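Computed from a prediction, not measured in an experiment: that's the story for all the values here. Below, read A as the first sequence line, B as the second, and so on, with proteins coming before strands; counting in each chain starts at 1.
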Amino acid sequence: MMDKTRQVGEESKAGARGSTPGGSGDGPLIVSSSPHLLTADNIPKIMHSVVAALLPACAVSIYFFGIRALLLIAVSVAACIATERAIQRFLGKPSTIADGSAIITGILLALTLPPSFPLLGAVLGSVFAIAIGKHIFGGLGYNIFNPALLGRAFLQAAYPVLITTWVEPFTRGFDVDAIAAATPLALMKFEGQMTPHLDLLFGNISGSLGETSAVAIIIGGLYLRYKGYINWKLPLGYLGSMAFFGGIFWLMNPSRYPDPLFHVLAGGAMLGAWFMVTDMVTSPTTPKGQWIFAIAAGAIAVIIRLFGGLPEGVMYSILLLNSVVPLINRWTRPKVFGEVSS
Amino acid sequence: MTSQRTLFQEFKKGIWAENPVIKMLLGMCPALAVTNSAVNGLAMGLASTFVVICSSAIVSIIRRFVPGGVRIPTYIIIIAGFVTLADLFLRAYFPVISKALGPYVPLIVVNCMIMGRAEFFASKHPVVPSILDALGTGTGFVWVLVVLGSIREILGSGSIFGVTLLSERIYTPWVVMILPAGAFLSLGLLIALINYLTQRRQGAH
């Protein structure tokens, strides 16, 4: 809370002075409402914990997809940082590279890409994510959409073929064009074929870098929960909603629709639930709003998966709900203590 | 009556300061819908320019005889007449472009830019300023559509005016740019860029 106020103060100061970032000695005025609680957390600390929480997922993706995965992650992170630096220098704003948010965007974007995706395409997605997804809206804290997902959505629209070309795990080296494979969700949707749950859990499947191992992502998510940077409502609401709505269809016709556990473990559900639904900037702030956000997004993801044109719906479900977050926040504003309803 | 200098200003204002698309946000439908290539943008721009010049001239000529209550239907009939001319001309001489533009040529009738010029300018001014005003507005419309079409064609197809700039081997076209989403993205960014440049220039003075 306090950090946000400070950031706002800094930005308006920089705006008022034109292009003199951080030139004066007097610190920004911090105004926040009581009660005041001092906390050791700040943006860099939270962001670097998120980076640490993403490391297991990165490690697993490198284990399954080799050097290609490492390169994709490295290139995306580098491109995100470079874009952020370039934009802030161009606008004359203070640099916020050290807060680590660009690193997270880079890693998350890379984790949503297929291993065979061209590196230049990853650069394009990173530039779009940071420039259009974040800085057009005014920078970190002002963005409406999750930047990494917006970058991914742009890549999906720009390169519809490349982004749905998957490879088998343990395809090493650079020459990966020859071996194509379908993801568990595509197998389910287009061929009615199920993938064993254990493979989904540990990641021996084809898919995007971060779609393979559910366990690695859960470890990272639990670490963030332990640190207190995410709450239970958003990830559990999202996964629970997917399991619930997926389960209804499964009970209606088990031979046609996948079971709830499959919904939760397959595709980007885990990555989305723990790292994208929980994005502090683009999710609601009120407890009731967080439930609405998570449950609605989960329902939309299931609907897209089962009845939409695409095999996976996690990305669009979260982006769609991102767009109504201000509305949800207004709608579920808690009552002031002692307020009398008129 | 009106001096030479103001006549030139009537022409000039539509190109930048009162540009229909980037400043007044009029005529967005054709600007978004048909600019998937530079040629289509140019054709749509020229057709609309023809219609706006002719209709502004006629509206200006008859401005003293049209009762206020029926002026809008009158303008629409005049505009529709010229749109039909433009549509038939395109079909006869440029069938390929006419097919690519599809229903958007007849839809020039409801282009707010043309209606706006008739309502706000031609109905209150003599013929010569009205024609120059329409010409300036049309020119402003054409350049924005050609720029938009070029951006989208280069990024979405790797070519410009049908000439291949970037071969498929070195550049994978961004499919999104020739889809509607690409139109909104490029138009939004173009307006943002122009607003930024305008603000910076005003700040410098």
- Message: What part of L155(B) gets within 4.5 angstrom of chain A, counting heavy atoms only: side chain, backbone, both, or neither?
- Response: neither
- Would E211(A) and T183(A) count as having a side-chain donor-acceptor pair, cut-off 3.5 Å? no
- Per-residue contact mode, I136(A) against chain B (heavy atom under 4.5 angstrom): side chain
- Item | Enclosure of F307(A) CZ (heavy-atom neighbours >12, cutoff 6.0 Å) | yes
- Task: Name the orientation class of the two ring planes belonging to F121(B) and H125(B) (parallel below 30°, tilted from 30 to 60°, perpendicular beyond 60°).
- Result: parallel
- Drop me the distance from L185(B)'s CG to F154(A)'s CZ, to the nearest 0.5 angstrom. 6.5 Å
- Portion of I132(A) that has a non-hydrogen atom of chain B nearer than 4.5 angstrom: side chain
- Which atoms of I178(B) approach chain A - backbone, side chain, both or neither, heavy atom under 4.5 Å: neither
